[in-house]
Structure formats: C-alpha cells, structure tokens
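Written out below as structure tokens is the structure these notes cover.
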Amino acid sequence: MAQMKFMCDAERCIECNGCVTACKNANDVEWGIQRRRVVTLNDGEANEMSISVACMHCDDAPCMAVCPTDCFYKTDDGIVLHDKDLCIGCGYCLYACPFGAPQFPQQDAFGERGKMDKCTFCAGGPAESKEEEYEKYGSNRIAEGKLPLCAEMCSTKALLAGDAQDVADIFRQRVVHRGHKDGAWSNNPQASADNLAYDAAHKG
C-alpha cells in the first residue's frame, strides 16, 4: 500500500503562492483558514529560500497523540485525517504540531476556537454524503485517483506529492543532477530512500 507524503524542493520554490491559491480554490475553506502557506527564510538576502508548508501527514503524528477526543485517524495510505464532529477546539493539536498545520476559524472569549481545520491531502473526511464531505473537509481528489491540487498546480514542480518512495526517487534524481558527489544520500552507500539525509538547501 502506498504511503502518501508531501515534499517541497526548496531550490525550486519561487514563492509564487500558487499552491496556497490552489488549496483555497479546491477546498473552499473559511476566511482566515490557511491550510497551506509559503514560508521564506532570509527574505531579501542572497541566500533567500522559500518552502511550501502544510500538514505533513506524519508517520507518528503528534496531533493524534495529544487529542483528548481521538478525532484524528490515519488512512491505509498514511493520510492523517480528522473528524470535525469529535473536535472540541481545545487547540492541543496546534501546540503539538511542529508545522503549525492545525487551523482554527475563531479566537473568541475563554479561548473558544471553533472546529479545527487542516490539510487533508485532498482526501476529504468522514461524512455521510459527498456534499457534506465537501462542506466540512473540501475536495476528495484522492478518491478520484488524483493528487492534491497544490502539488498539481505548482509551476516549478517544487511541491511533490504522492507515494513516499516515488517522491524520494524524484528528489534523489534531482540532487544527483545537481552534482552531489555521494548520490544524494548520506555517506553510507547502503542508505536507502527511507533514510534521505541530504538537505535540499545544500549544494554538494
């Protein structure tokens, strides 16, 4: 079974925010919700670099570990989804997530945040009908055999999405093409795609 992952190639990202716009268009999220965002480091300097960030659908997702209502669950292909009917808006997932992926539509009195929202890898969520699924979670492109729209619309193909092994293979080929002397992996010639140790921002 494929294990779906995102990866952003920092050397290709041009901070166009096309992925952000594509995500909003595909999922029609509430105002103020930002499922995907582009983060720029060293803005305006010679070594400026941007990367597209969203939920990374972690193998050992910390959001799942801290949720008191167990609203998170993982699909067979590794996508971390959540049940909005179980969410109480406590915000524990936001504090636990290293990527700041969980989003909340409101900040009212007594810390009320509303139902949590996050990237679903365009895989929808639990609902009784397609209409309800779209209203709560957005597009379910995975069920249609498609990849997330953010990755499909990336003009430089910096944002990759799909099976983890395929994504790693594509990235490895790019790094080899860039001339990295050890073939994009660590110094261990036996290293595999599961142990990618090369930083996209580092020139070999």
Task: CA sep, side-chain torsions, deciding dist, call: Lys5, Asp59, salt bridge (Lys or Arg N to Asp or Glu O under 4.0 Å) - done: CA-CA 10 Å; Lys5 295 293 180 185; Asp59 291 338; 2.8 Å; yes

- [ ] Applying side chain to side chain donor-acceptor pair (under 3.5 Å), name anything that partners Lys84, two or more places apart in sequence or on another chain.
- [x] Asp117

Task: Set of side-chain contact (heavy atoms from CB on, under 4.5 Å) partners for Ala96, sequence neighbours left out - done: Pro62, Val66

Open item on the list: Does anything in residues 41-50 form a side-chain hydrogen bond (donor to acceptor under 3.5 Å, both in side chains)? List the pairs, not counting sequence neighbours.
Closed with: Thr40-Ser50

TODO: Decide yes or no for Cys154 and Cys19: does some side-chain heavy atom of the first lie under 4.5 Å from some side-chain heavy atom of the second?
DONE: no

Task: Beyond-backbone contact of Lys118 with Arg35, side-chain heavy atoms, under 4.5 angstrom - done: no

Open item on the list: What I'd like to find out is whether the side chain of Arg36 reaches to under 4.5 Å of the side chain of Ser52, using heavy atoms alone.
Closed with: yes

TODO: Taking the side chain as every heavy atom from C-beta outward, state whether Leu147 and Arg141 have any pair of such atoms under 4.5 Å apart.
DONE: no

Task: Set of residues satisfying ring pair (Phe, Tyr, Trp, His ring centres under 6.0 Å) with respect to Tyr137, sequence neighbours excluded - done: His82

Open item on the list: Quick check against the 3.5 Å criterion: does Asp77 have a side-chain atom that pairs as donor or acceptor with the backbone of Met4?
Closed with: no

Task: Worked verdict on Arg178 versus Glu11 for salt bridge (Lys or Arg N to Asp or Glu O under 4.0 Å) - done: CA-CA 10 Å; Arg178 290 171 189 159; Glu11 290 195 14; 3.4 Å; yes

Task: Pairwise side-chain contact, Phe6 with Pro148, heavy-atom cut-off 4.5 Å (strictly under) - done: yes

Task: Met7 side chain near Leu159 side chain, heavy-atom distance below 4.5 Å - done: no

Open item on the list: I'd like to know if the side chain of Asn140 pairs up with that of Glu133 as donor and acceptor (distance under 3.5 Å, no hydrogens or angles considered).
Closed with: yes

TODO: Identify which one of Gln165, Arg172, Gln173 satisfies the side chain to side chain donor-acceptor pair (under 3.5 Å) criterion when paired with Asp169.
DONE: Gln165

- [ ] Quick one: list whatever passes side-chain contact (heavy atoms from CB on, under 4.5 Å) with Cys67, sequence neighbours left out.
- [x] Thr69, Cys71, Phe72

- [ ] State, with a plain yes or no, whether a side-chain heavy atom of Cys58 is found less than 4.5 Å away from one of Phe99.
- [x] yes

- [ ] Compare all side-chain heavy atoms of Glu30 with those of Ile33 and state whether any distance is below 4.5 angstrom.
- [x] yes

TODO: Under the salt bridge (Lys or Arg N to Asp or Glu O under 4.0 Å) rule, collect the residues that match up with Asp85, sequence neighbours excluded.
DONE: Lys136

- [ ] Decide yes or no on side chain to side chain contact (heavy atoms under 4.5 Å, CB included) for Val20 and Val38, but give the supporting numbers first.
- [x] CA-CA 7 Å; Val20 177; Val38 176; 4.1 Å; yes

